[in-house]
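Below is one structure; the comments refer to it alone.
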Amino acid sequence: MTPLNLVPSEPLLRADHVTLEYQGEHGTVRATEDVSFEVWRGDRFVLLGPSGCGKSTLLKAAGGFIRPQAGSLSLAGQPVTGPGPDRIVVFQEFDQLPPWKTVRDNVMFPMLAGGVRRSEADQRAGHWLGKVGLARFADAYPHTLSGGMKARVAIARALAMQPAVLLMDEPFAALDALTRRTMQEELQALWEEIGFTMLFVTHSIEEALVVGNRILLLSPHPGRVRAELNSHQFSLSSAGSQEFQAAAQRIHGLLFGQAAEPISHPSTAVQ
Ligand SMILES: Nc1ncnc2c1ncn2[C@@H]1O[C@H](COP(=O)(O)OP(=O)(O)OP(=O)(O)O)[C@@H](O)[C@H]1O
Ligand SMILES: [Mg+2]
């Protein structure tokens with residue numbers, strides 16, 4: 001019998017009027033204000049905005065590392081109250097890979113810490129290292145890898161945890177331009193193959209257009225929603241095209257233009 005393929009009727013991750021603040025030495029810093037968005041299963045949802053607009057802060061809140069001052073976040077209808085293995089974060093600092101562990105041990109480590117049996121963790125590590133093209137480097141140590149390879153290890157490590165949502169905070173920002181392009185392409189190919197859900201933070205308009213199918217534009221500090229866009233997928237080969245440049249310019253205008261007030265019915269297609 002064919003299993004029922006039920007279409008989810010609720011978003012996987014929902015941010016509902018989220019305001020996030022830090023208590024600093026010089027008083028309260030409001031990082032984001034009244035931000036709402038919905039990430040649906042299979043989305044490549046991008047938070048895009050200038051430096052300091054609260055993108056990383058929103059990602060940390062989605063990860064459950066910090067709590068909103070107002071509003072709420074929920075995952076599959078359940079309030080987010082703390083970190084969990086259903087939300088794994090990939091940062092840009094790949095040197096977070098412990099240097100004394102081999103690539104395979106780095107990928108296995110969070111699974112073992114989460115109670116996965118060693119034989120299964122080993123099998124899953126092998127599988128995911130294969131998916132990111134690093135099967136031959138399973139026994140290598142991180143310092144012998146290039147930046148792009150470390151990024152691949154971080155992605156394999158995250159996906160091996162089988163999270164409901166992959167949270168990515170400018171994962172390719174530290175890479176050179178060419179490697180960054182390659183990684184965007186590889187991420188796209190992995191997504192096409194596996195169809196995972198991700199929330200991806202960037203301040204690069206081009207990266208947002210290449211990586212995302214939905215893009216939330218945030219205003220400068222404190223971050224408020226400027227607009228939400230449905231982006232039809234641009235491949236990297238179309239990145240130089242007129243269509244791509246026009247979409248990038250439109251986003252630039254929405255992000256930095258004078259008239260860019262929050263849009264009350266924000267779903268607009270960029271083509
Ligand atoms: N630990 C902290 N304590 C106090 N203020 C903080 C802290 N972390 C971030 N902030 C402030 O919150 C605001 C949002 O910071 P956040 O790091 O989320 O921005 P961002 O959009 O990720 O920027 P970037 O693109 O530079 O990474 C900034 O004004 C920042 O100074
Ligand atoms: Mg950041």
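Start at 1 and go down the list; that is how both ligands and their atoms are numbered.
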Which option wins on minimum heavy-atom distance to atom 17 (O) of ligand 1: G54, S56, S51? S56

Please compare H26, K55, E25 and report which has the shortest non-hydrogen distance to atom 25 (O) of ligand 1. K55

Heavy-atom contact check, 4.0 Å cutoff: does G52 meet ligand 1? yes

Nearest protein heavy atom with distance in Å, relative to atom 6 (C) of ligand 1: Y22 CD1, 3.2 Å

Under 4.0 Å from atom 30 (C) of ligand 1, is there at least one protein heavy atom? no

Apply the side chain to side chain contact (heavy atoms under 4.5 Å, CB included) test between M168 and each candidate in T202, I155, V211, I88; give the one that qualifies. I155

The Mg ion (ligand 2) to nearest N/O/S of S51 less than 2.8 Å: no

Closest heavy-atom pair, G130 versus A135, reported as atoms and distance to 0.1 Å, is CA-CB, 4.2 Å

Between A158 and P163, the two heavy atoms sitting closest are O-CD, 3.2 Å

Backbone or side chain, does any N or O of V29 fall under 3.5 Å from an N or O of ligand 1? no

Quick check on contacts: which atoms of ligand 1 are under 4.0 angstrom from a heavy atom of [X]?
X: A31; value: 12 (O), 13 (C), 14 (C)
X: H203; value: 25 (O)
X: T57; value: 14 (C), 15 (O), 16 (P), 18 (O)
X: E170; value: 25 (O)
X: C53; value: 19 (O), 21 (O)

So, W100 side chain and Y141 main chain: donor-acceptor pair closer than 3.5 Å or not? no

Taking the six-membered ring for Trp, are F45 and F37 parallel (under 30°), tilted (30 to 60°) or perpendicular (over 60°)? parallel

Distance-only polar pair, side chains of T28 and Q23, donor-acceptor under 3.5 Å: yes

Could you grab the distance from atom CZ of R226 to atom CD1 of I251, nearest 0.5 Å is fine? 13.5 Å

To the nearest 0.5 angstrom, please state how far the CE atom of M198 sits from the CZ atom of R44. 6.5 Å

